[in-house]
Amino acid sequence: MRGSCGVVRWILVSQFRVLRTGTLFEIRNDNLQVTVMANINPMKQLILTLIIIFGFSTCNAQDFKTLYHSYQPTESMSRIEKWNIRDTTNKKFLIKETVDNKNRVVSIQFLVNGKIKDANPLYGINNISFEYGKDFIIERYLNCDGEPMTLLQDETPTSRKYFLDDNNNIIDCNAIYEITFDELSKEKLLEIENSLRFWRENVISETDSVDNKDCDLDYIYGYMFSEIKMDGVFPTKKDYKFDYDSFDMIYSKEILDEMKNKY
């Protein structure tokens, strides 16, 4: 499993610089411990602890909401039929969209019978998360186990960082590729070296340019599957116009008509 790999490298596709990562711990409700150091009786301490736990749980529940959209898989891609369906009973194919308290999508997951789809719904990515900064959006691509997608195994970026201007136009973006391996043998290192050489000589040279840099997309990829996007805003490169004629393979007519009126 990639999650058990001992060495991880992050590579910026335009430079292929190797950065060593450490171990990241995050504070969540499930690993947060509260210790009450006071001379109070056990019953009061128990009540206080339960109140604290309930408070964290309530805040966490209020921070996010979940929407479900129906889709149908085809031989080449998945077609979204309807946004925000209320009744998900007996719905085999669903997109789960998680939205934060600022009405921004933070997660998109393609589900089959309630589980994240392990076959590619479109362009090989079926589990996407989003992080927001003052003038940027980070889009992370994950596999069905929630692990980062990698260059050698998936031939896709691990993430993209989109930089926005004051009008929410995309002015630049970086693609970041992750390479994982569980051994430091000469054979494995040679395999990685050959793969990087192939990408540098055959992929980057064709797509990289002074104007475009790593920004090979005109819009935020994962927003294609989100109804909410960034509180209704769909950032694109300045003056970009959507090619709606090609979108009929991705959206139903109802959704397509709605998008034409919005963007």
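The first residue in the sequence is number 1, and the count goes up from there.
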Residues that, via side-chain heavy atoms closer than 4.5 angstrom, fall in one hydrophobic cluster with L67: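 So far as hydrophobic clustering goes, L67 is joined with V99, I228.
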Between OH on residue Y177 and OG1 on residue T150, distance to nearest 0.5 Å: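 One finds 11.5 Å between OH of Y177 and OG1 of T150.
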Distance, nearest 0.5 Å, that separates NZ of K65 from CG of D100: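 Between atom NZ of K65 and atom CG of D100 there are 9.5 Å.
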With sequence neighbours left out, what residues match [X] under salt bridge (Lys or Arg N to Asp or Glu O under 4.0 Å)?
X	result
K134	none
D135	none
K253	D257

With sequence neighbours excluded, what pairs up with [X] under the side-chain contact (heavy atoms from CB on, under 4.5 Å) test?
X	answer
K161	F136, I138, F163
D245	D243
E193	L190, R197
S129	R140, L142

Test: R104 cationic atom under 6.0 Å from Y132 six-membered ring centre, within 45° of axis: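 Here R104 passes the 6.0 Å and 45° test against Y132.
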Selection residues 222-232 - residue pairs positive for salt bridge (Lys or Arg N to Asp or Glu O under 4.0 Å), sequence neighbours left out: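 Output for this query is empty, none listed.
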Salt bridge (Lys or Arg N to Asp or Glu O under 4.0 Å) pairs, two or more places apart, involving residues 79-95: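 Checked against salt bridge (Lys or Arg N to Asp or Glu O under 4.0 Å) - neighbours excluded - the pairs reaching residues 79-95 are K82-E254.
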Single hit among T98, I95, I108 for side-chain contact (heavy atoms from CB on, under 4.5 Å) with S226: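 Of the listed options, the one satisfying the test is I108.
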Output field: ring centroids F225/Y223 closer than 6.0 Å: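 Aromatic pair excluded; centres sit 6.0 Å or further apart.
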Polar side-chain atom of D145 near backbone of E147 as donor-acceptor pair, under 3.5 Å: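 No, D145 side chain to E147 backbone: no donor-acceptor pair under 3.5 Å.
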S107 (side chain) donor-acceptor with E97 (main chain) under 3.5 angstrom: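 A pair under 3.5 Å: no.
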pair Y240-I170: side-chain heavy atoms closer than 4.5 Å: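 The answer is no; the side chains never approach within 4.5 Å.
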D166 atom CG: more than 12 heavy-atom contacts under 6.0 Å: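 No, not enclosed.
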Distance-minimising heavy-atom pair for T158 and P148: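 Reported closest heavy-atom pair: CG2-CB, 3.6 Å.
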Residue pairs passing the ring pair (Phe, Tyr, Trp, His ring centres under 6.0 Å) test where at least one lies in residues 78-108, sequence neighbours excluded: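 Listed once each, the pairs are H69-W83, Y71-F93.
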All ring pair (Phe, Tyr, Trp, His ring centres under 6.0 Å) counterparts of Y263, not counting sequence neighbours: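 So Y263 forms a ring pair (Phe, Tyr, Trp, His ring centres under 6.0 Å) with F234.
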